[in-house]
Peer 1: 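To start, I am sharing the structure in question, which I have written as C-alpha cells.
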Amino acid sequence: VQKAIKEALELNPNLLLLDEPKNHLDATNREELFEMLHSWRKTAIIVTHDTELLRSWPTKLWHLDHGKIIQF
C-alpha cells in the first residue's frame, strides 16, 4: 500500500479519509489496499469512482447529489 496510507494506519486513527486510493497503484499494492480495508473496523470515508472497490468493501454506501444524501 502507498507509504502515506501505511504511515497513517500506524497512528491507529479512528477515521480514514481517502480520495481515489487505488489511483497509481500496481496490482500488488491494490491487493494490499483491499486487505487493509477489509480488516479496517473503524470509519473510512472514501471518494472513488472505482466500481470494484465500491462493490467489495463498504458496508454503507452514500451518494451525495446536489446537497442530498442517498444511502444504499
Side-chain angles (χ1 to χ4, degrees):
V1 179
Q2 291 176 328
K3 183 180 177 183
I5 294 173
K6 284 183 179 182
E7 289 173 355
L9 291 175
E10 288 174 0
L11 298 173
N12 196 27
N14 290 318
L15 172 68
L16 286 178
L17 299 174
L18 302 172
D19 183 10
E20 298 292 352
K22 285 181 55 181
N23 280 2
H24 311 295
L25 296 180
D26 61 19
T28 300
N29 283 314
R30 280 193 301 273
E31 184 62 33
E32 283 183 23
L33 175 65
F34 272 34
E35 288 175 13
M36 180 273 302
L37 290 174
H38 284 289
S39 66
W40 184 254
R41 296 294 176 238
K42 297 179 182 177
T43 301
I45 298 173
I46 300 176
V47 176
T48 186
H49 294 92
D50 188 293
T51 56
E52 179 185 12
L53 180 60
L54 291 172
R55 282 191 305 260
S56 70
W57 178 69
T59 56
K60 291 182 184 172
L61 182 64
W62 293 348
H63 174 72
L64 306 174
D65 187 21
H66 294 93
K68 295 182 181 178
I69 299 174
I70 301 168
Q71 183 174 320
F72 297 93

Peer 1: Can you pull out every salt bridge (Lys or Arg N to Asp or Glu O under 4.0 Å) where at least one residue sits in residues 57-67? Sequence neighbours excluded, please.
Peer 2: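 For residues 57-67, and leaving out neighbouring residues, there are no salt bridge (Lys or Arg N to Asp or Glu O under 4.0 Å) pairs at all.
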Peer 1: Tell me, please, which residues at least two apart from Lys68 pass side chain to side chain donor-acceptor pair (under 3.5 Å).
Peer 2: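 Counting only residues at least two positions away or on another chain, Lys68 forms no side chain to side chain donor-acceptor pair (under 3.5 Å).
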Peer 1: Which residue is it: Arg30, Met36, Glu35? I am looking for the one with a side chain to side chain contact (heavy atoms under 4.5 Å, CB included) to Leu33.
Peer 2: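 Running side chain to side chain contact (heavy atoms under 4.5 Å, CB included) over Arg30, Met36, Glu35 with Leu33 returns exactly one hit, Met36.
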Peer 1: Report the hydrophobic cluster partners of Leu64, with the cluster defined as I, L, V, M, F, W, Y residues connected by side-chain heavy atoms closer than 4.5 angstrom, directly or transitively.
Peer 2: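 Trp62, Ile69, which link up through side-chain heavy atoms under 4.5 Å apart, make up the rest of the cluster.
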Peer 1: Per the side-chain hydrogen bond (donor to acceptor under 3.5 Å, both in side chains) rule, what does the pair list look like for residues 37-47, sequence neighbours excluded?
Peer 2: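 Applying side-chain hydrogen bond (donor to acceptor under 3.5 Å, both in side chains) to every pair that reaches into residues 37-47, excluding sequence neighbours, yields Asn12-Lys42.
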Peer 1: Please list every donor-acceptor pair under 3.5 Å in which a side-chain atom of residues 14-26 meets a protein atom from a residue at least two apart or in another chain.
Peer 2:
residue : atom : partner : partner atom : Å
Glu20   : OE1  : Thr48   : OG1          : 3.2
Glu20   : OE1  : His49   : N            : 3.4
Glu20   : OE2  : His49   : N            : 3.2
Glu20   : OE2  : His49   : ND1          : 2.7
Lys22   : NZ   : Asp50   : OD1          : 3.4
Lys22   : NZ   : Asp50   : OD2          : 3.0
Lys22   : NZ   : Glu52   : OE1          : 2.9
Asp26   : OD1  : Thr28   : N            : 3.3
Asp26   : OD1  : Asn29   : N            : 2.8
Asp26   : OD1  : Asn29   : ND2          : 3.2

Peer 1: What residues join Phe72 in its hydrophobic cluster, counting side-chain heavy atom gaps under 4.5 Å, either direct or through other members?
Peer 2: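 Its cluster partners, ordered by chain and number, are Leu54, Leu61, Ile70.
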Peer 1: Locate the shortest heavy-atom distance separating Ala8 from Pro13; write the atom from each residue and the value.
Peer 2: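 Closest approach of Ala8 to Pro13: O-CD, 3.2 Å.
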Peer 1: Residues in salt bridge (charged side-chain N to carboxylate O under 4.0 Å, His left out) with Glu7, at least two apart?
Peer 2: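 If we apply the salt bridge (charged side-chain N to carboxylate O under 4.0 Å, His left out) test to Glu7, skipping adjacent residues, the hits are Lys3.
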